[in-house]
Amino acid sequence: MNPVASTSALNLARKLYEAGIRNEPVLKAVANTPREQFLDPALGHKAYENTALPIGQGQTISQPYIVARMTEILLQDNPLKVLEIGTGSGYQAAILAQLVPQLCTVERIKSLQIQARQRLKRLDLHNISFKYGDGWQGWPSKGPYDAIMVTAAASSIPEALLAQLADGGVLVIPVGGETQQLLKVTRIAGKYSSEVIEMVRFVPLVNGELA
Ligand code: SAH
């Protein structure tokens, strides 16, 4: 991707630094990513505020602080192949695709997936594979993954995602109800251990039919 580095994106990266994000590649990716392109033009003026915003279909683009926080946790062991659940606007995928060699992303709402795919192509990000499907099932045929990030709130940790994690791999996932605990689950020698990162608020990881 060409460095965009608009003043607004750079200022957003500065705000995230002040909020405690210290991973330089993550801050650079935020500074290089035109978040307004992931939003309806009517919301463009809010694109560089550190807030979640609606993207249609009752879904949201996550708060930039949370995008950066989850990304820095996920990058800790330099993953090569990463799975994202909940493509949504494609913004989180744009950040990840600048930082890892291979990204796979799953979305259950077709119209959001189509838009995200177009945006990411326009930004010259070509290391992303898209699946229209149910994130509870992951994407088994492309696994195992060195890291998995779920960007919607799960009522429990999906078994399929644990199974698709490579040994030494990390799963970052919000688990709970109205508010959730952001968990970092690590797989070591076939065993899983989990750590609470902080409290978060995501839209639900829907259980059921594709939309
Ligand atoms: N990463 C996105 C966040 C979007 S919000 C971004 O940067 O914009 C969460 C997304 O998860 C929504 O697009 C929603 O449709 C999707 N989602 C919810 N349940 C899902 C499921 N079971 N499988 C796949 N995607 C799901």
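Read the numbers this way: they start at 1 and go in the same order the structure lists the ligands and their atoms.
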Asks: For ligand 1, is Ala116 a contact, meaning one of its heavy atoms is under 4.0 Å away?
Replies: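 So Ala116 does not count as touching ligand 1.
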Asks: To which of Leu39, Ile85, Thr60 does the heavy atom nearest atom 5 (S) of ligand 1 belong?
Replies: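 The nearest heavy atom belongs to Thr60.
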Asks: What is the nearest protein non-hydrogen atom to atom 16 (C) of ligand 1, stated with its residue, atom name and distance?
Replies: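 So the nearest neighbour among protein heavy atoms is Glu107 OE1, 3.4 Å.
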Asks: Using a cut-off of 6.0 Å, state whether more than 12 heavy atoms not belonging to Tyr132 lie near its atom OH.
Replies: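 Yes, because the 6.0 Å sphere around OH of Tyr132 holds more than 12 heavy atoms from other groups.
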Asks: Below 3.5 angstrom, do we get any N/O pair linking Glu84 and ligand 1?
Replies: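 Such a contact does occur with ligand 1.
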Asks: With only distance considered, is Ser62 within less than 3.5 Å of ligand 1 through an N or O on each side?
Replies: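 Looking only at distances, the answer is no, because the N/O contact criterion of under 3.5 Å is not met.
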Asks: Under 4.0 Å from a heavy atom of Val203: which atoms of ligand 1 are those, numbered in the order shown and with their elements?
Replies: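 Result: 5 (S), 9 (C).
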Asks: Where is the nearest protein heavy atom to atom 6 (C) of ligand 1: which residue, which atom, and how far?
Replies: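 Residue, atom and distance for the closest contact: Ser89 OG, 3.5 Å.
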Asks: Do the side-chain N and O atoms of Gln118 and Lys121 include a donor-acceptor pair separated by under 3.5 angstrom?
Replies: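 Checked: Gln118/Lys121 side chains show no N/O donor-acceptor pair below 3.5 Å.
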Asks: Would you check if there is a donor-acceptor pair between the side chains of Lys142 and Gln164 at a distance under 3.5 Å?
Replies: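 Their side chains do not contain a donor-acceptor pair, so the 3.5 Å distance test is not met.
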Asks: Please work out whether any backbone atom (N, CA, C, O) or any side-chain heavy atom from C-beta onward of Val67 is under 4.0 Å from ligand 1, and answer side chain, backbone, both or neither.
Replies: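 Within the 4.0 Å criterion, Val67 makes no contact with ligand 1.
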Asks: Is it the side chain, the backbone, both or neither of Leu112 that has a heavy atom closer than 4.0 Å to ligand 1?
Replies: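 Side chain only; the backbone of Leu112 stays clear of ligand 1.
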Asks: Are any side-chain N or O atoms of Asn127 and backbone N or O atoms of Val100, one a donor and one an acceptor, separated by less than 3.5 Å?
Replies: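 Flag set: sc Asn127 to bb Val100 pair under 3.5 Å.
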Asks: Going by the side-chain contact (heavy atoms from CB on, under 4.5 Å) test, name the single residue among Leu74, Thr105, Val150 that passes it with Glu84.
Replies: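 Exactly one candidate clears the test, Thr105.
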Asks: Give the residue, atom name and distance (to 0.1 Å) of the protein heavy atom nearest atom 26 (C) of ligand 1.
Replies: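 For atom 26 (C) of ligand 1, the nearest protein heavy atom is Arg108 CG, 3.6 Å.
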Asks: Can Leu183 and Glu195 be said to form a side-chain contact (heavy atoms from CB on, under 4.5 Å), step by step?
Replies: CA-CA 6 Å; Leu183 299 183; Glu195 184 190 324; over 6 Å; no
Asks: Show which atoms of ligand 1 fall inside a sub-4.0 Å distance from at least one heavy-atom site of Ile61.
Replies: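 By the 4.0 Å cutoff, the relevant atoms are 8 (O).
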Asks: Under 4.0 Å from any heavy atom of Gly133, which atoms of ligand 1 are there?
Replies: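 Here the atoms of ligand 1 in question are 23 (N), 24 (C).
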Asks: Examine distances only and state if a side-chain atom of Tyr192 and a backbone atom of Leu162 form a donor-acceptor pair shorter than 3.5 Å.
Replies: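 Between the backbone of Leu162 and the side chain of Tyr192 there is a qualifying donor-acceptor contact (under 3.5 Å).
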Asks: Considering non-hydrogen atoms of the protein only, which is the closest contact for atom 12 (C) of ligand 1, and what is the distance?
Replies: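 Result: Gln59 OE1, 3.2 Å.
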Asks: Of the protein's non-hydrogen atoms, which lies at the shortest distance from atom 9 (C) of ligand 1, and what is that distance?
Replies: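 Looking only at protein heavy atoms, the one closest to atom 9 (C) of ligand 1 is Thr151 O, 3.4 Å.
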Asks: Give the cluster check for Tyr91 versus Val203: same hydrophobic cluster or not, with ILVMFWY residues linked at side-chain heavy-atom distances below 4.5 Å.
Replies: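 In one cluster: no.
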Asks: At under 4.0 Å between heavy atoms, is it the side chain or the backbone of Gln57 that contacts ligand 1, or both, or neither?
Replies: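 It is neither part, as no heavy atom is under 4.0 Å.
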Asks: With atom 18 (C) of ligand 1 as the reference point, say which of Pro204, Gly138, Ser111, Gly90 has the nearest heavy atom.
Replies: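 Among Pro204, Gly138, Ser111, Gly90, the closest heavy atom to atom 18 (C) of ligand 1 comes from Pro204.
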Asks: Is any side-chain N of the basic residue among Glu107 and Lys131 closer than 4.0 Å to the acidic one's carboxylate O?
Replies: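 So Glu107 does not pair with Lys131 through a salt bridge.
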Asks: Should the proximity of Gln92 to ligand 1, defined as any heavy atom under 4.0 Å, be assigned to the side chain, the backbone, both, or neither?
Replies: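 The answer is both, backbone and side chain.
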Asks: Output yes when a side-chain donor or acceptor of Arg108 lies under 3.5 Å from a complementary backbone atom of Val206, and no otherwise.
Replies: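 Pair absent, no side-chain N/O of Arg108 close to backbone of Val206.
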Asks: In this structure, does ligand 1 have an atom that sits under 4.0 Å from one of the heavy atoms of Asn207?
Replies: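 Contact check Asn207 vs ligand 1: negative.
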Asks: Report the part of Val206 (side chain from C-beta onward, or backbone N, CA, C, O) that has a heavy atom under 4.0 Å from ligand 1; answer both or neither where that applies.
Replies: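 The answer is both, backbone and side chain.
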Asks: Can you check side-chain hydrogen bond (donor to acceptor under 3.5 Å, both in side chains) on Gln115 and Ser89, steps first, answer last?
Replies: CA-CA 7 Å; Gln115 271 184 314; Ser89 68; over 6 Å; no
Asks: Heavy atoms only, cut-off 4.0 Å: how does Ala93 contact ligand 1, side chain, backbone, both, or neither?
Replies: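 Looking at Ala93 and ligand 1, no heavy atom falls under 4.0 Å.
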Asks: Does atom CD (Glu178) have a neighbourhood of more than 12 heavy atoms from anything else shown, all under 6.0 Å?
Replies: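 For Glu178, atom CD is not crowded (no more than 12 foreign heavy atoms under 6.0 Å).
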Asks: Would you mind running through ligand 1 and noting each atom that sits below 4.0 Å from a heavy atom of Trp136?
Replies: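 Those atoms are 22 (N).
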Asks: Show which atoms of ligand 1 fall inside a sub-4.0 Å distance from at least one heavy-atom site of Ile109.
Replies: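 Reading through ligand 1 atom by atom, the close ones are 15 (O).
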Asks: Give me the nearest non-hydrogen protein atom to atom 23 (N) of ligand 1 as residue plus atom name, then the distance to 0.1 Å.
Replies: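 Answer, as residue, atom name and distance: Gly135 N, 2.7 Å.
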Asks: Donor-acceptor pair, distance only, cut-off 3.5 Å: does the side chain of Asp77 make one with the backbone of Pro79?
Replies: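 Such a contact is absent between Asp77 side chain and Pro79 backbone.
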Asks: Establish, from distance only, whether the side-chain atoms of Gln92 and Thr71 form a donor-acceptor pair under 3.5 Å.
Replies: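 Gln92 vs Thr71: donor-acceptor pair found between side chains.
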Asks: Can you confirm whether Val106 sits close enough to Thr87 that some side-chain heavy atom of one is under 4.5 Å from a side-chain heavy atom of the other?
Replies: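 Answer no - side chains too far apart.
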Asks: So if I count the atoms of ligand 1 from 1 in the order they appear, which ones are less than 4.0 Å from some heavy atom of Thr87?
Replies: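 Counting atoms of ligand 1 from 1, those under 4.0 Å from Thr87 are 1 (N), 2 (C), 6 (C), 8 (O).
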Asks: Return the option from Gly86, Pro64, Ala52 holding the heavy atom at the smallest distance from atom 10 (C) of ligand 1.
Replies: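 The nearest heavy atom belongs to Gly86.
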Asks: With heavy-atom distances below 4.0 Å as the criterion, list the atoms of ligand 1 near Asp134.
Replies: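 So the answer, numbered in order with elements, is 21 (C), 22 (N), 23 (N).
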